[in-house]
Structures are given as structure tokens and as C-alpha cells.
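Just below is one structure, and these are the notes that go with it.
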Amino acid sequence: MPIPHWATRRPTGPGALPCLRPTPHQPPQGALVLRRFAVTGASLAVTLAAALLTTAPASAAPVAAAHVTATPATATSPGPARHALAADDAPDVDVTKVQAHLTELNAIANRNGGTRKSSGQGYRDSVAYVKGRLQAAGYTVTEQPCTSGCASGAGPNLIAEWPQGDTSSVYMFGSHLDSVGAGPGINDNGSGSAALLETALTLAERHPAMAARARFAWWTDEEQGLNGSDFYVGSLSSTERSRIKAYYNFDMIASPNGGYFINHLTSAAAQPMKAYWDSLGLQPEENTEGAGRSDDYSFEQAGIPTSGYAMGASARKTSAQAAKWGGTANRAYDSCYHQSCDTTANINVTGLDRSVDGIASTLWKLAVARSTPANDFSLTATPASGGVAPGESLTTTIATQTTSGSAQTVALSASGAPAGVTVSFSPGSVTSGANATMTVATAASTAPGTYPLTVTGTGSGPGAVTHTTSFSLTVKGAGGCAAGQLLANGGFENGTSPWTGDTGTIGAHTGQSAHGGSRFAWLGGYGSTATDTLSQSLTVPAGCAKATLAYWLHIDTAESGGTAYDTFRVKVGNTTLTTLSNTDAAPGYAQHTLDLSPYVGQRITLTFTATEDSSLQTSFVLDDTSLQVS
């Protein structure tokens with residue numbers, strides 16, 4: 001959450017008393033150098049009620065706004081007892097998974113100068129992390145560059161939509177993904193970003209029938225004045241705005257000395273969120289401190305109903321609030337607000353858990369179909385993947401089954417096909433319980449690659465439902481050999497795509513240098529048990545006589561002696577081609593080459609993996625990779 005325009009930004013000099021952390025990525029100076037610092041948070045022993053209750057207890061003991069070391073809730077905690085969930089009730093989102101996302105965001109900041117500010121690599125690496133998780137879960141994900149109004153060099157907004165539900169009725173959930181320049185921004189606002197990510201992943205995992213669309217957003221440049229969300233809202237047509245029935249914002253939802261605040265507490269939009277916190281006996285209050293200071297304001301200005309959770313920033317907790325919620329009166333809700341100490345140690349796990357479950361409860365109540373359809377069916381593809389050479393075709397069976405009620409007509413369609421690929425069904429519609437044959441035909445000009453296709457079955461009749469299933473199409477390399485370099489972004493100068501895995505290792509890190517350009521991949525170097533991987537999938541064209549992988553690698557280590565404690569492996573698929581270790585450490589970069597000719601004509605996944613043991617760092621610094629064919 002940014003400081004309001006009328007206030008002076010919090011100082012970060014000596015008078016600000018920031019909680020300083022050692023700078024990561026310092027090269028070894030004859031002694032142990034740690035690159036990553038583990039932060040362990042408390043886990044909760046119980047889960048909170050996910051079902052909405054209409055009344056809270058008449059009286060409740062104070063609810064502790066606990067820090068990381070919060071005492072787990074007990075049978076005497078305030079709020080009603082949990083009851084069994086109905087099939088269509090909101091799930092209890094696993095707060096430990098939310099904490100895992102926070103740990104990754106903190107690590108990304110550590111690899112990028114201690115910050116995830118919108119104009120830096122830390123923000124772009126945060127976008128890559130969130131985007132990768134969402135795409136793997138089946139979301140339609142879009143990076144929206146902020147082409148006006150944002151700070152120079154600001155990264156994109158990230159928009160993800162679950163591809164089911166009524167497109168004319170959209171409920172939107174957002175948080176800003178950037179931090180201030182002074183710190184990693186884990187409460188402000190990794191907390192909201194991580195909670196939304198895990199809520200989205202939980203929705204994909206549960207895959208309920210949807211009554212409306214769920215759209216998630218991670219905003220850029222919020223800390224510079226709500227610029228990313230303002231650009232997004234300004235880019236919407238009047239029709240697109242009218243489809244958004246409400247926007248929910250989550251900014252600082254795990255403040256260590258926090259309270260329980262809701263934006264526009266008495267509005268219709270706020271009622272699902274208030275009902276959940278009321279069910280826990282929390283007695284939430286209006287978020288007066290955050291009014292007009294976070295991304296919901298961009299939507300509010302456009303006439304879109306808004307609400308959201310917050311747990312407070314630099315304002316001080318009152319005595320009445322401390323009596324109601326626990327914590328310390330006359331102390332800031334977050335004493336590390338906009339400082340370097342806003343790390344994973346600055347998280348109220350209890351509040352985070354209550355917030356993320358309230359988000360899920362609101363999403364399920366607004367967008368998820370609340371009852372099992374009278375007539376329903378399942379949809380599967382068998383096999384679910386296949387490969388062909390350009391110009392050829394393949395078939396798979398699309399099977400349906402009636403899962404409730406009566407059989408219905410199911411119309412079949414497919415999306416995601418690349419240029420030169422057509423998909424057809426025989427027959428084009430079936431009665432649930434019957435099968436169809438899907439034919440995927442490729443043109444001779446179809447580019448080699450792996451393409452995810454989405455098969456959609458649309459039911460018929462009143463209360464009709466829609467289901468999807470996935471098919472992975474691989475178009476193999478074919479034809480003559482055009483000599484050249486196959487690896488994309490082999491020097492890591494153009495962001496992280498198309499590399500996958502621990503892409504936060506890519507950047508212009510302090511403490512190491514590039515072989516060429518300014519960016520490289522720093523694998524390992526933690527001084528503790530850890531594994532980093534970078535992978536890229538590509539096709540080695542048929543017709544080539546030779547394929548050679550080349551890469552430059554610098555290895556430095558705090559280990560000594562001739563024992564291989566820490567290793568660097570190069571693999572194609574599950575086959576290890578070479579292994580290097582701390583025993584190969586030397587000043588500067590050395591070039592290594594490997595013959596990949598046995599893989600000509602194949603679709604391969606190339607993986608670089610660094611593995612460290614429990615002590616003494618070894619850094620494997622990778623740059624200028626290439627795969628030449630001739």
C-alpha cells in the first residue's frame with residue numbers, strides 16, 4: 001500500500017531503524033557465504049471454519065492478532081465450532097502453501113537487491129513465478145504492459161481468468177505484486193498476492209461448476225500511485241466494465257500487530273467478506289486508514305462496487321482494538337511498513353489464514369454454482385497426449401459419462417490449436433455416456449513444438465453445464481536442417497521466458513558477473529540444502545547431422561578438498577549428460593560442450609540442475625548457452 005500523496009514517505013535512513021538483513025549473493029572471501037536465509041513460520045494446528053454463518057457469538061474472548069509465533073487456536077478460541085462442509089462450500093485454503101509462495105517472493109527479492117519494486121528485475125521475476133503457477137493450473141493468463149501513467153521501466157499487470165462461468169458476470173480479485181524499493185514487501189504486499197495465488201490454485205484443483213467468471217489480477221506500480229490498476233481500468237470499454245460485478249482488493253492482510261478491516265464495510269459488495277469474519281467472532285471494522293490508498297480506488301472511481309480485506313499499515317492500534325483482537329495498543333499495525341524488515345518474519349500467520357479463507361469463502365459464494373446440477377456429465381481424453389510430424393494427423397477418444405440425472409446432448413469443441421492445426425470431432429455432439437473421435441491434423445508448415453489443446457463439452461437443456469479436458473499435442477521436427485542456434489534467450493538478456501523452473505535465478509545479481517551482456521543465471525550459492533533448476537523444451541530438427549550444446553560456467557566454492565559435495569548436472573529428459581561439482585571450481589568462466597546429435601529429430605527438455613548439501617556454498621554461474629545444429 002503506498003503512502004498517501006499528502007504524506008511524507010517513511011524514511012529509510014538511520015532514524016528509521018530498519019531490520020537489516022545481510023546482502024545475498026556475495027562472493028566467498030575465504031569463509032562461508034550464505035546466499036539464502038531460511039525463515040520458519042509457525043504452522044497452525046487447526047483449520048478455521050469455512051462455512052458462512054449468519055450470527056456471531058454474543059460475546060467473545062479477545063482474538064490474538066498473533067505474529068509468526070502465534071499460539072494455535074484451541075477449542076476455547078472465539079467463534080463457532082467448525083461443521084462438516086457441504087460439497088459446494090468453500091474449501092479451507094492451506095495457509096502453509098500461502099507461506100511457501102511468500103518464501104519464494106522473499107527469495108526473489110533477495111536475488112535482486114532486496115526489493116521487488118515495479119521497475120526492477122525482482123518484480124519481473126515475481127510475475128514469472130505467479131504466471132508459471134497459474135498457466136500450469138489451466139488459467140488463461142495475460143501480461144498487460146502499462147504503456148502510460150506508470151513509472152519508467154515498470155513491469156506488466158498480470159491478469160488470470162478461470163475459463164468457466166458466465167462471461168457477462170465477472171467477479172474480480174486483485175492485489176499489487178510490487179514492493180517499495182526499500183525492502184522485499186512480504187506483508188506489503190506479498191501477503192495479498194500469495195493469498196490470491198493459492199486461492200486461484202485451489203479453485204483450479206477443486207474445479208467446481210461455475211455460475212460466474214473469476215478473474216484474478218496482480219498489479220504493477222501500486223507503490224508509485226496505483227498506476228497499474230488505474231491503467232487497467234482505463235483500458236476497459238464500457239461493456240467490459242459493466243461485466244465486472246464487484247472488485248475485491250487485498251493489501252497487507254498479515255500485519256503482525258494487525259486488526260481486521262474491511263473496505264466499505266456496510267456495502268452490499270462487502271457482505272460475503274464480513275459474513276465470514278463475523279462467523280469467526282472477529283467483529284471487523286471499516287478500513288479507514290486504507291481508504292483511497294490501494295488498487296480498489298481505481299475501480300471505485302469507475303463506478304464498480306469494491307471491497308476487500310486489510311490488517312493495517314503504519315497507523316496505531318487503539319486500546320479498544322487491542323482488547324478486542326489482542327496485540328499491543330499504541331503500536332503500529334505493521335512496524336516494518338515500507339522497510340527492509342518486511343520479510344517472511346513479518347507475517348501474522350493467524351491473520352493470513354483468516355484472510356485467505358475469507359477470500360475463498362467470498363469467491364465460492366459469488367462465482368461458484370451453489371448446487372449440483374440436476375443433469376451432469378464428465379469429459380476425458382484417452383490418450384491425453386500425442387505427437388506427429390508436420391503434415392500428419394492423429395486421433396484420440398473423447399469419452400463422456402452421465403454423472404448425475406439424465407443423459408444429455410454434449411456439443412464438442414476445441415481451442416488452443418496453433419497455426420496450421422485443425423481439430424475435428426466425429427460425431428460433433430454425443431449423448432452423455434457415448435464417445436467421439438477427435439482428429440488433430442497438422443499442415444506441413446506447422447512449427448514444431450508442444451501445444452496444449454483444450455477440449456470443451458457443452459451440455460444442453462435447463463441448467464446446462466460445461467466441462468473441459470486437456471490434450472497435449474507435440475509436433476515433431478521434420479524436413480531438412482537449417483543450420484543455426486536453437487536455444488531461445490540463451491544469454492538470459494531478455495527476461496526469463498521461455499526458461500522454466502527456478503527462473504528467479506536469472507538476473508543481473510550483485511556479487512557475480514555475466515560472461516556476456518549484463519544478465520546470467522546464478523544456480524546454487526546458498527550454503528544450505530537446496531536445488532535450483534532451469535529447463536527449456538525445444539525440437540532438434542530432423543535432417544541435421546550434428547547438434548552441439550555449448551555453455552559458459554563459472555564455479556566458485558567455499559568447500560575444500562577433493563570430495564564432490566555440491567553438483568551441477570546437465571540433463572536431456574531423464575538422462576544425465578554430465579556432472580560437475582565444487583571440485584571443478586576455478587577463477588572465471590570456462591566453456592563446456594556436449595554432443596546432442598543422438599537427439600536429432602526429437603522434442604527434448606534440456607535441464608541444468610545445481611544441488612547443494614547442508615553447508616558451505618558452491619555457486620554455479622551459467623551464461624551464454626547455445627544449441628547449434630548443422
Inset, instruction - Side-chain contact test, heavy atoms from C-beta onward, threshold under 4.5 Å: evaluate it for I159 versus W219 and give yes or no. - result: yes
Inset, instruction - Please identify each residue that fulfils side-chain hydrogen bond (donor to acceptor under 3.5 Å, both in side chains) with N157, with sequence neighbours left out. - result: Q144
Inset, instruction - For residues T607 and S535, report the shortest heavy-atom separation together with the two atoms involved. - result: OG1-OG, 2.8 Å
Legend entry - Close side-chain approach of V141 and R133, heavy atoms under 4.5 Å: no
Inset, instruction - Keeping the roles fixed (side chain from Q602, backbone from V540), state whether a donor-acceptor pair exists under 3.5 Å. - result: no
Inset, instruction - Measure from the side-chain N and O atoms of S193 to the backbone N and O of H176, and report whether any donor-acceptor pair falls under 3.5 Å. - result: yes
Inset, instruction - Please name all residues satisfying salt bridge (charged side-chain N to carboxylate O under 4.0 Å, His left out) with E161, sequence neighbours left out, ordered by chain then number. - result: R213, R215
Inset, instruction - Give a yes or no on whether the backbone of H509 and the side-chain of R111 come within a donor-acceptor separation of less than 3.5 Å. - result: no
Inset, instruction - Applying side-chain hydrogen bond (donor to acceptor under 3.5 Å, both in side chains), name anything that partners T140, two or more places apart in sequence or on another chain. - result: none
Inset, instruction - Would you check, one step at a time, whether the test ring-ring contact (aromatic ring centres under 6.0 Å, His included) holds for F608 with F620? - result: CA-CA 10 Å; F608 298 99; F620 300 94; over 10 Å; no
Legend entry - Beyond-backbone contact of I359 with V93, side-chain heavy atoms, under 4.5 angstrom: no
Which donor-acceptor pairs under 3.5 Å do the side chains of residues 576-585 make with protein atoms, sequence neighbours left out?
from : atom 1 : to   : atom 2 : distance (Å)
S581 : OG     : T583 : N      : 3.1
S581 : OG     : T583 : OG1    : 2.7
N582 : OD1    : Y565 : N      : 2.7
N582 : OD1    : D566 : N      : 2.9
N582 : ND2    : T563 : O      : 2.9
D584 : OD2    : S581 : N      : 2.9

Inset, instruction - Taking salt bridge (charged side-chain N to carboxylate O under 4.0 Å, His left out) as the test, write out the residues that go with K571, two or more places apart. - result: none
Legend entry - Pairing residues for P383 by the side chain to side chain contact (heavy atoms under 4.5 Å, CB included) criterion, not counting sequence neighbours: T396
Inset, instruction - Report yes or no: does E612 contribute a side-chain atom to a donor-acceptor pair with the main-chain N or O of Y526 at less than 3.5 Å? - result: yes
Inset, instruction - Scan I347, V356, L352, L196 and name whichever one has a side-chain contact (heavy atoms from CB on, under 4.5 Å) with I253. - result: L352
Legend entry - N249 backbone acceptor or donor facing D295 side chain under 3.5 Å: no
Inset, instruction - Identify, with sequence neighbours excluded, every residue that meets salt bridge (charged side-chain N to carboxylate O under 4.0 Å, His left out) alongside E143. - result: K131
Legend entry - Spacing of CG belonging to D334 relative to CD belonging to Q339, to within rounding of 0.5 Å: 8.5 Å
Inset, instruction - Please find out if less than 6.0 Å separates the ring center of F492 from that of W499. - result: yes
Legend entry - M252 to N189 - nearest heavy-atom pair and separation: N-OD1, 2.9 Å
Legend entry - Polar side-chain atom of N187 near backbone of A254 as donor-acceptor pair, under 3.5 Å: yes
Legend entry - Test item: H592 side-chain N/O and L549 main-chain N/O as donor-acceptor pair under 3.5 Å: no
Legend entry - From S513 atom OG to F520 atom CZ, the distance as rounded to the nearest 0.5 Å: 6.5 Å
Legend entry - Shortest non-hydrogen contact between S118 and Y123, atoms and distance: O-CD2, 3.7 Å
Legend entry - Heavy-atom donor-acceptor pair, Y337 side chain to S255 backbone, under 3.5 Å: no
Legend entry - Side chain proximity check, D357 to D92, heavy atoms < 4.5 angstrom: yes
Inset, instruction - Give every residue pair that meets the salt bridge (charged side-chain N to carboxylate O under 4.0 Å, His left out) criterion with at least one member in residues 116-129, sequence neighbours excluded. - result: none
Legend entry - Partners meeting side chain to side chain contact (heavy atoms under 4.5 Å, CB included) with S497 (sequence neighbours left out): none
Legend entry - Residues which pass side-chain hydrogen bond (donor to acceptor under 3.5 Å, both in side chains) with T625, listed by chain and number, not counting sequence neighbours: none
Inset, instruction - Assign the ring pair W552 / H515 to parallel, tilted or perpendicular, where the plane angle (0 to 90°) is split at 30° and 60°. - result: parallel
Inset, instruction - Please report the shortest heavy-atom distance between P91 and A360, naming the atom on each side. - result: O-CB, 4.1 Å
Inset, instruction - In sequence, state the C-alpha distance, the side-chain angles, and the governing distance for Q617 and S619, and then conclude on side chain to side chain donor-acceptor pair (under 3.5 Å). - result: CA-CA 6 Å; Q617 73 88 28; S619 295; 2.7 Å; yes
Inset, instruction - Mind checking the CG-CG spacing from D188 to D342? Nearest 0.5 Å is all I need. - result: 6.5 Å
Legend entry - Minimal non-hydrogen separation, A195 against V98, with atom names: N-CG1, 3.8 Å
Legend entry - Distance (rounded to the nearest 0.5 Å) between E559 CD and T618 OG1: 5.0 Å
Legend entry - Test side-chain contact (heavy atoms from CB on, under 4.5 Å) applied to I506 and N489, step by step: CA-CA 11 Å; I506 298 172; N489 193 21; 5.6 Å; no
Inset, instruction - Please check if the side chain of N348 supplies one atom and the backbone of T350 the other of a donor-acceptor pair under 3.5 Å. - result: yes
Legend entry - Euclidean distance, L201 CG relative to F216 CZ, rounded to 0.5 Å: 9.0 Å
Inset, instruction - Run the numbers on S229 and E222 for side-chain contact (heavy atoms from CB on, under 4.5 Å), then give the verdict. - result: CA-CA 7 Å; S229 58; E222 189 267 3; 5.9 Å; no
Inset, instruction - Report yes if the side chains of T199 and F173 come closer than 4.5 Å at any heavy-atom pair, otherwise no. - result: no
Inset, instruction - Determine, stepwise, if the pair C146 / D221 fulfils side-chain contact (heavy atoms from CB on, under 4.5 Å). - result: CA-CA 9 Å; C146 185; D221 216 34; 5.9 Å; no
Inset, instruction - Decide side chain to side chain donor-acceptor pair (under 3.5 Å) for S385 and S472; before the verdict, give the C-alpha distance in whole Å, the side-chain angles of both, and the deciding distance to 0.1 Å. - result: CA-CA 4 Å; S385 62; S472 179; 5.8 Å; no
Inset, instruction - State which residues pass side-chain hydrogen bond (donor to acceptor under 3.5 Å, both in side chains) with D94; sequence neighbours excluded, sorted by chain then number. - result: T96
Inset, instruction - Begin from the C-alpha positions of L102 and I186 and carry the test side-chain contact (heavy atoms from CB on, under 4.5 Å) through to its verdict. - result: CA-CA 7 Å; L102 292 176; I186 298 307; 4.0 Å; yes
Inset, instruction - Output every pair passing salt bridge (charged side-chain N to carboxylate O under 4.0 Å, His left out) with a member in residues 618-630, not counting sequence neighbours, ordered by first then second residue. - result: none
Legend entry - Closest approach of S615 to D613 (non-hydrogen atoms, all atoms of both residues): O-OD1, 2.7 Å
Legend entry - Distance, nearest 0.5 Å, that separates CG of L523 from CG of D532: 5.5 Å
Inset, instruction - Please confirm whether the backbone N or O of V95 pairs with a side-chain atom of D353, one donor and one acceptor, at under 3.5 Å? - result: no
